[in-house]
Amino acid sequence: MTTVSDTVPGTDDLVLDVRDLVVEFKTGRQRVQAVSGVTFQVRRGETLGLVGESGCGKSTTGRTLVQVQPATAGTIVYRGEDLTALTGRRLRQLRTKIQMIFQDPISSLNPRRRVRDIVAEPLVIWGRGTKAERDQKVREMLEAVGIDPDSSGDRRPQEFSGGQCQRISIARALMADPELLICDEPVSALDVSVQAQILNLLADLKERFSLTMVFIAHDLAVVKTVSDRVAVMYLGKLVEVAGSDELYRQAAHPYTEALLASIPEPDPDAQELQPALSGELPSPLDPPSGCRFRTRCPYAQERCAAEEPPLREIAPGHQVACHFPLHGTPAPADQAPAPT
Amino acid sequence: MGKYFLRRSIQLVVVAFIISILAFLLVHLLPGDPSVTILGPNDTAQNRAILLKQLGLNKPLWQQYTTWLTAVFHGNLGQSYLNHESVVHILATGFPIDLELIVISQIIAFAVAIPLALFTSRRPNRPVDNVATTGTFGLLALPPFVIAPILVAVFAVGLNWFPATGFVPLTQDPWANLQHMILPSVAITFGSIAVYYRLLRSDLISTLQQDFITMARSKGLSNRRIMWRHAFRPSTFSLLAAAGVNIGGLIAGTFIVEYLFALSGIGFSLVQAVNQRDYLVVQGISLVVALAYVILQFIVDFLFTVVDPRVSRG
Amino acid sequence: MTRANEITRRTFLSRGAVAGGAVVLGGAAGGLLTGCSSSTSTTSTTSSGGKPGVGSGPPVRGGTLTVGTIAEIDGFYPPNNHWDTNGFLYANAIYDPLMAIAADGTIVPYLAQSMTPNSTYDAWTLTLRPNVKFNDGSALTSAVVKANFDALKSSLLAGPALAQITGVTVPDGMTIVYQLEAPNPYFPAGLTTQVGYVVGEAMIKQVQSGTANATPVGTGPFVYSSWQPNDHFTATRNPNYWRSGLPYLDQITFKPIPDTTQREATLRTGGVDMIISSDANTIVNFQGQSGYQLVDSRTGVLGEPTVACLMLNMVTPPTNDLTIRQALAKSLNVTVLQKLFGAGFAKPLDGIFLPGSPYYGNTGYPGYDPSAARQLVAAYKAKHGTPSLELLTVTDPYLAKVVQVVQQMWNQVGFNVSVNEIQQANLITDFVTGEFQAATLAQFGAINPDLNYVWWSTTTISPIGSIGLNFTRMDDPVIEQAMLTGRHTTDQATRVKAYQTVNDQLAQQLPYLWLNQYLFSEVAQDRVQNFDNATLPSGKPQYSFQEGIFWPAQIWLAG
Amino acid sequence: MSAVRRTRGRTLEFKDVHDGGGPLLAVEDLHTAFRTTRGTVRAVDGVSFELQAGTTLGIVGESGSGKTVLSRSIMGLLPPHDVLRSGTVHFAGHELTAMKPSELRQVWGAELSMIFQDPMTALNPVKRIGKQITESLLLHLDMDKKEAASTAVELLRSVGIPSPEERVRWYPFQLSGGMRQRVMIAIALACAPRLVLADEPTTGLDVTVQAQILDLLGDLQRERHMAVILVTHDLGVVASRADEIIVMYAGRIVERAPADTLFHDTHMPYTKALMESIPRLADPAGTRLTAIPGRPPDLIHPPKGCRFAPRCPYAQTKCLEAEPPLRTAGSPDHLFACWFPLVNGVSTAPAPVAGNGAAATTLPDGPGDTATATAQAASGGTDAAAPGSGDGPTAGGETEAEA
Amino acid sequence: MPDDRELASTHAADQLLGDRFPGMAATDELVVSRQSEALDSDDILLRRPLGILFWLALAWVAVVALAAIFANVLPLHNPNFQNYNAINQGPSFHYLLGTDDLGRDLLSRLVFGARVSLIVGFVSVAIGMAVGGTGGLVSGYLGGAVDGSLNALSFVILAYPAIVAVIAIVAFWGQSLWKITIIIGVGTIPLLFRVVRASSLSFANRDFVIAAKTMGATTPRILFREILPNVVPVALTFGLITVAGVIVIEGSLAFLGLSVKLPTPSWGNLISEGTSNGNISINPLILLWPSLCMFLLLLSINLIGDRLRQRFDIREGLL
């Protein structure tokens with residue numbers, strides 16, 4: 001596992017380059033921006049965590065990366081090719097390089113098909129290998145995720161628990177020999193005990209198959225455990241991007257801080273929790289002016305309402321979109337008092 | 001909400017327009033023409049030509065269509081070639097009968113199906129439920145044309161509880177009206193009962209397994225209150241949708257019953273008119289029936305929003 | 001609803017009826033008629049004692065009679081509508097005809113006071129009954145009758161029926177003179193039919209001004225009250241009816257109940273007081289039943305009865321071959337047919353006349369002889385292959401049975417028969433264009449054989465595909481000649497000979513295969529009095545049960 | 001907002017226990033089993049505990065441990081058939097297990113109420129939230145409509161819903177998940193119950209909202225001196241919020257202790273494993289989690305001996321053969337069911353039995369394991385809900401989190 | 001605030017709404033949402049054994065089907081042969097169920113009639129399913145303009161009084177077993193279209209479909225490998241119930257004289273013959289036997305369909 005926050009990667013290392021991604025939905029007459037101009041890169045071998053509350057646009061971003069949700073604007077460049085500009089066979093081909101693990105393990109498997117067929121599907125679609133070769137690979141992959149191919153291959157997803165379904169779905173994703181794995185809340189529907197199993201499995205597989213991952217979750221503790229870098233999203237925008245440990249040590253954005261504070265510690269002696277984040281995510285139909293977080297930010301100033309803070313680097317590999325970050329240098333042209 | 005209805009209304013107009021073309025074309029493509037039935041044995045080549053001209057049927061189809069449509073826009077659906085009754089009048093006298101048939105049969109259907117479903121769904125797959133379910137399947141297997149003669153033989157001729165045929169307008173004598181409508185309504189209600197009961201029962205069983213029912217129980221509410229106030233409404237979607245389709249089918253679909261009970265409903269008039277190639281009657285009734293169907297679905301849609309606020313606001 | 005297609009086509013002056021097979025009634029009457037053997041309609045006994053349909057005790061005033069009819073009338077305006085049995089029932093309630101048929105078959109004045117021909121029978125002078133008023137208060141005058149005539153004449157529907165009338169003059173307020181193109185000794189019979197019914201001028205004006213459903217204005221015993229097609233027709237007592245003391249009833253209502261079973265059930269439940277039926281089973285169901293009076297047409301009708309027959313195309317193969325037609329005729333087991341379809345009541349036929357008619361005679365119509373039929377088919381088969389043909393009928397449960405039996409009988413001698421049920425509207429088209437091989441037909445009910453001229457005349461033949469009223473395309477100069485002879489002579493012996501010739505020739509040529517007489521019946525509850533016992537204004541007995549049609553003025557309800 | 005309790009048609013009187021000593025709730029040897037076509041699922045298998053008024057009890061366990069069934073059994077909120085329940089539940093001086101349905105209905109919602117996991121499904125989707133609150137007010141507190149309506153507004157305000165006057169007219173779907181859960185709390189607390197059973201109240205929620213909701217519940221509890229039973233699969237949730245914690249496994253209590261004691265002197269290997277499987281912020285990125293291998297056992301045929309033994313890293317032959325009783329060692333309020341309890345985080349077991357162990361964290365699910373999984377799936381909603389009142393077999397134990 | 005997932009599905013639903021027509025949309029939408037709710041509901045039913053009734057029902061359908069298939073080789077009288085010496089006879093050794101008013105053997109007419117009823121029932125539904133089902137599958141998945149117009153079309157067809165169309169087509173085209181089958185089959189298209197479409201729609205945005213997309217599956221592959229297997233149970237169950245409905249419809253058409261050509265028996269026209277005047281009072285057996293058989297068949301088909309529905313856990317709301 002490499003920590004890449006401070007390395008200067010060559011272009012070969014750049015797996016995914018997302019720029020100014022905007023995703024809009026139509027609801028009735030209105031258009032809602034679920035993602036409003038998100039830019040990030042994912043380098044080879046890296047795990048990027050994407051974290052935020054429900055409705056912040058993190059899952060939409062994930063779906064847009066695999067192009068099952070069209071982007072309204074912006075580019076998603078995978079290995080030099082802009083996915084948003086592709087269609088037809090080339091898109092289908094390229095998609096196999098980017099696979100997705102879903103939140104609901106049960107609904108991500110076709111309930112009417114056998115496990116063996118589900119897992120073999122990527123090979124069948126592309127006509128890779130003979131039947132025997134495919135069977136062999138299915139066996140290997142099922143074993144790799146901890147499912148017994150002999151007793152399970154002919155069963156259907158209903159007969160498995162959530163954790164096992166998630167394993168099967170991981171096996172399927174890996175069959176396509178992907179380079180990039182988008183994990184969309186893969187453990188939030190699971191018990192903590194099972195969650196640990198799956199997280200460990202993903203870590204192992206990542207190493208074994210040299211994967212790059214985008215890991216989406218609402219629980220910062222989970223994200224941090226598995227990620228090299230973490231991007232925090234709020235209401236369609238990135239508010240902070242930093243290396244995992246850096247983020248925990250020195251969260252610069254008040255929102256990140258609030259997220260961290262909300263995580264329950266399995267320790268009765270843990271510090272009396274800081275007041276958790278109050279209020280609710282504003283409606284994306286009518287996002288607040290300036291900084292979108294200002295309505296819930298304990299440190300909000302006038303400037304926050306007037307001016308939208310850009311994502312800027314406050315330390316190497318640590319970006320934040322805040323006029324008054326908790327760490328690092330305040331935004332330039334800042335005359336306001338520092339937060340207390 | 002206003003815009004929603006506006007959009008719906010525009011769609012309604014489009015559908016109506018397509019239906020008007022369909023209604024027009026289909027009868028005109030039929031072999032045979034009204035002059036045959038009008039002239040009957042006086043049918044001679046000259047007579048037929050003159051008559052077709054008199055009726056305007058010698059003109060090109062599109063011209064006939066536009067003429068018809070223009071008249072329709074002025075509220076004039078034309079008149080029967082044969083008995084010269086105006087289509088509007090046929091509808092005005094026939095529709096109330098069908099409406100009453102439908103309303104009574106549906107009231108019976110709901111009155112039987114709803115309590116039965118509420119009762120059996122609390123104890124699914126117990127003997128009472130099995131009997132009720134099997135019984136309603138049985139009802140599905142009894143089409144009106146079998147039921148009707150049996151009903152008449154038993155309840156009219158045998159027991160003399162109801163008149164065998166005929167119709168008395170509601171305005172004239174409500175009680176006699178009801179007596180006349182009971183048997184025909186019952187004859188068409190059997191299928192409805194079966195469908196409604198089954199849908200409601202199955203939806204209720206699902207609803208009763210929902211958390212909010214457990215929640216309602218945990219509040220200490222009585223079973224009766226839970227069934228009526230909590231379980232019933234969220235379980236009526238399928239019922240409503242089915243009722244929409246079913247009632248839609250009954251508009252002009254009750255001709256067998258109308259025929260057997262000598263009711264001058266529009267279904268019977270329609271069938272008679274098709275058989276006689278009474279174009280304007282067929283066109284007019286088809287158009288109005290189809291519009292009634294569309295409006296019915298409109299109402300059903302509206303009821304969906306009443307039953308479940310998520311539909312209109314979600 | 002196909003059964004509703006028992007709507008039958010009764011027509012104008014000189015037309016017999018056609019119908020796809022179901023009932024049709026030749027309402028027409030012809031002049032005739034001496035010697036028509038049958039008295040009036042027949043009656044059967046009833047359990048309640050007394051003669052069914054004949055009132056016992058003194059007439060009672062008041063009450064409403066409700067009659068269940070077979071089908072709906074298509075309107076009340078003679079120039080524009082076709083009246084079948086029901087049509088005439090309704091018409092008899094609100095209108096009066098100029099002439100009527102007496103029980104002995106003679107044509108007698110009704111709304112007319114007298115009708116006399118000139119010596120050459122090509123001009124007829126009709127004098128109207130005085131002091132007759134329409135229900136709108138207007139008087140019956142020759143001008144009104146003329147107006148009726150003009151409307152009829154200009155009607156596409158009725159006009160052809162009046163073709164023989166070249167002119168009508170009105171010498172005075174009560175006299176009308178009809179000029180005919182050729183002598184017609186039997187002209188008054190025509191005025192007993194639809195064209196003889198007189199409507200008030202107000203109604204004619206209404207129709208001509210474009211009112212679709214003009215309010216009927218008549219001189220009849222009842223006054224039009226309301227009509228809702230397919231539901232009911234109601235007429236109330238005409239207090240100023242010219243036949244004083246009549247009618248007895250306050251009101252009469254007709255309710256069409258197309259399904260026979262339901263109609264009978266409605267009678268049994270008291271929903272109606274009386275029903276009309278053309279289904280022989282009604283006779284079975286009500287014969288001898290206490291509480292009901294049954295009157296039916298079993299023992300004969302005046303003139304030709306309405307007969308059920310099979311019509312064969314004389315032009316299209318294989319039925320253009322006489323031997324085939326003979327084979328078809330010889331393979332029909334008439335006894336079985338009688339048993340199955342006349343409910344055992346209908347009489348076997350060998351022509352268009354019943355025994356008792358002056359024109360009846362042994363026609364030599366082929367009897368049931370399956371082995372002969374088989375031989376004929378075999379001979380044909382040797383030359384042309386298996387004769388196959390389609391038997392056309394109109395959708396109707398009763399006819400469905402008929403065609404299936406016929407199909408089996410024909411198939412048993414070597415034919416390959418398929419049956420095809422189509423709708424009335426299509427069937428008539430097929431008939432007039434000759435696009436059929438064999439078809440069911442109910443036709444010919446007429447008092448005067450001359451009325452059927454158009455169906456058999458060589459002048460009405462058209463090629464297949466074009467319209468012609470000689471459906472079978474029978475091109476027979478012998479029949480043509482005999483029909484013309486019958487039309488023009490006043491000599492009864494010549495007439496008898498002429499029509500016997502026609503009957504014989506039909507049996508030779510076999511354009512029609514006779515099945516049975518059509519049986520009409522009326523069933524009434526016991527309290528309905530005198531529905532089959534009408535008398536004419538002169539006091540003479542009237543032909544009061546004319547194949548399902550009755551006269552309502554003299555009916556009363558027993559207390 | 002202290003509602004004045006009135007007593008129309010009420011036949012039960014409840015002792016004011018929090019002054020008079022004695023536990024508010026006493027559960028004794030409670031068994032709950034479901035008859036299924038495959039056999040009898042013993043979802044709760046001999047559970048006893050007591051709860052003092054105004055305190056919080058955390059019940060923790062994996063899916064399929066029986067924790068949800070336990071909470072429903074306590075209330076008596078079970079499906080009408082195919083359920084076997086024995087043992088007694090005393091609540092505020094009354095034996096709930098002996099009550100007729102009509103009597104239970106007087107207790108439910110008034111003295112004893114419940115908060116459900118998924119507020120989306122637990123709120124009636126087609127009724128305005130105001131109505132859903134006033135319903136129990138009208139039923140139990142004999143209020144008139146107007147009074148109930150204003151009380152509902154107050155309740156919404158007290159659970160932190162902005163502009164409650166307006167929100168009473170809203171439908172559940174118009175609210176966010178957190179807001180819905182607040183509404184549910186308002187409903188549960190409407191009649192000022194003495195005990196609230198909260199079944200995974202925050203599982204479907206974001207962590208930020210979870211914190212808010214738990215804080216709210218804590219505040220209200222203190223304010224009203226309610227007892228709360230908090231059922232969850234996440235030890236982190238109850239760590240700082242419960243006075244006492246019960247850890248359940250396979251239908252039984254395996255450890256029960258005051259919260260501090262439990263965390264600082266964990267005796268059960270299972271409890272420890274549960275704690276260790278939680279990712280902690282303090283751990284550096286890329287830290288490997290300690291997962292519990294395998295799955296909870298089939299409750300139709302539970303394993304002989306210690307039910308956790310097949311998954312226990314320290315299991316001995318004895319563990320596989322004899323079932324450990326729930327016992328105390330040292331402190332009397334710390335109970336556990338283990339032959340070889342941990343002492344200061346170290347097992348007292350001689351040596352692990354081969355084949356078991358947390359060492360293989362990515363232990364493949366062997367054939368037997370699959371069978372277990374299937375069986376588990378079949379016994380299904382035993383945890384999240386009793387059969388017939390919740391999730392299906394396909395969902396297994398995980399449905400709880402499917403929100 | 002809806003979460004991402006909700007937004008996505010709102011979006012999908014909204015695409016539908018954009019093209020929806022009165023009467024269709026709300027139903028579909030609800031069906032979709034309810035179906036997903038239902039997935040974890042019916043568990044008690046799901047695990048129930050099929051039950052004795054199911055097997056009895058299946059046995060009856062099998063008996064009818066076998067009799068219909070082997071009608072020609074069974075030792076039966078000619079169903080169309082009229083024995084004029086044995087009219088309206090009661091059951092006897094020679095005529096096990098008696099004879100009708102033309103002296104035909106009721107048993108063999110019943111057996112041969114079953115053939116027609118079953119062909120009309122099953123084949124017409126097969127036609128409806130092939131066209132309407134396929135259309136619904138594709139339409140529901142693709143959405144958009146295609147879906148909008150197909151949906152509107154099906155709506156228009158449903159709105160138009162069916163009897164006019166039937167009479168028109170029969171008049172135009174004539175009567176025969178196959179034509180009637182096709183006409184009824186065509187009539188079932190919009191209904192089956194709607195049901196399958198709703199079902200297809202409910203799966204169109206499931207995660208496993210998205211997964212298939214990310215694996216590079218083509219649209220046809222997704223339709224037939226991912227969606228179809230899920231739609232099949234719904235289609236089958238609804239199809240069975242439609243079969244029952246169609247058999248009744250054939251009866252109604254026979255009542256109107258619009259069904260198969262004479263003298264071919266079908267249960268519908270046997271019943272129709274049985275209700276004709278005279279027969280109902282003189283020989284009620286003509287009505288009784290086919291009614292009884294039809295009653296039992298429809299009961300059986302419905303029971304089988306219902307049990308299968310429970311097995312596959314399909315909401316009746318879809319039907």
Enquirer: Any donor-acceptor pair under 3.5 Å linking the side-chain atoms of B/Thr207 with those of B/Ser235?
Expert: yes
Enquirer: Once the angle between the rings of B/Phe232 and B/Trp228 is folded into 0 to 90°, is it parallel (under 30°), tilted (30 to 60°) or perpendicular (over 60°)?
Expert: tilted
Enquirer: Between D/Ser113, D/Pro125, D/Ser136, which has the largest tally of heavy atom pairs under 4.5 Å with chain B?
Expert: D/Pro125
Enquirer: B/Arg229 versus chain D, heavy atoms under 4.5 Å apart: side chain, backbone, both or neither?
Expert: both
Enquirer: Do the side-chain N and O atoms of B/Tyr197 and B/Thr120 include a donor-acceptor pair separated by under 3.5 angstrom?
Expert: yes
Enquirer: Find the one option among D/Met75, D/Glu135, D/Met114, D/Lys127 whose heavy-atom pairs under 4.5 Å with chain B are most numerous.
Expert: D/Glu135
Enquirer: Please flag which part of D/Ile187 lies under 4.5 Å from any non-hydrogen atom of chain B: side chain, backbone, both or neither.
Expert: side chain
Enquirer: Under 4.5 Å from any heavy atom of chain D, what part of B/Ile213 do you find: side chain, backbone, both or neither?
Expert: neither
Enquirer: Mark yes or no: D/Arg167 above the aromatic ring of D/Trp170, with NZ or CZ under 6.0 Å from the six-membered ring centre and no more than 45 degrees from the axis.
Expert: yes
Enquirer: Looking only at the side chains, is there a donor atom on one of D/Thr32 and D/Ser73 sitting less than 3.5 Å from an acceptor on the other?
Expert: yes
Enquirer: Taking D/Leu112, D/Asn124, D/Ile115, D/Thr121 one by one, which has the highest count of heavy-atom pairs under 4.5 Å against chain B?
Expert: D/Asn124
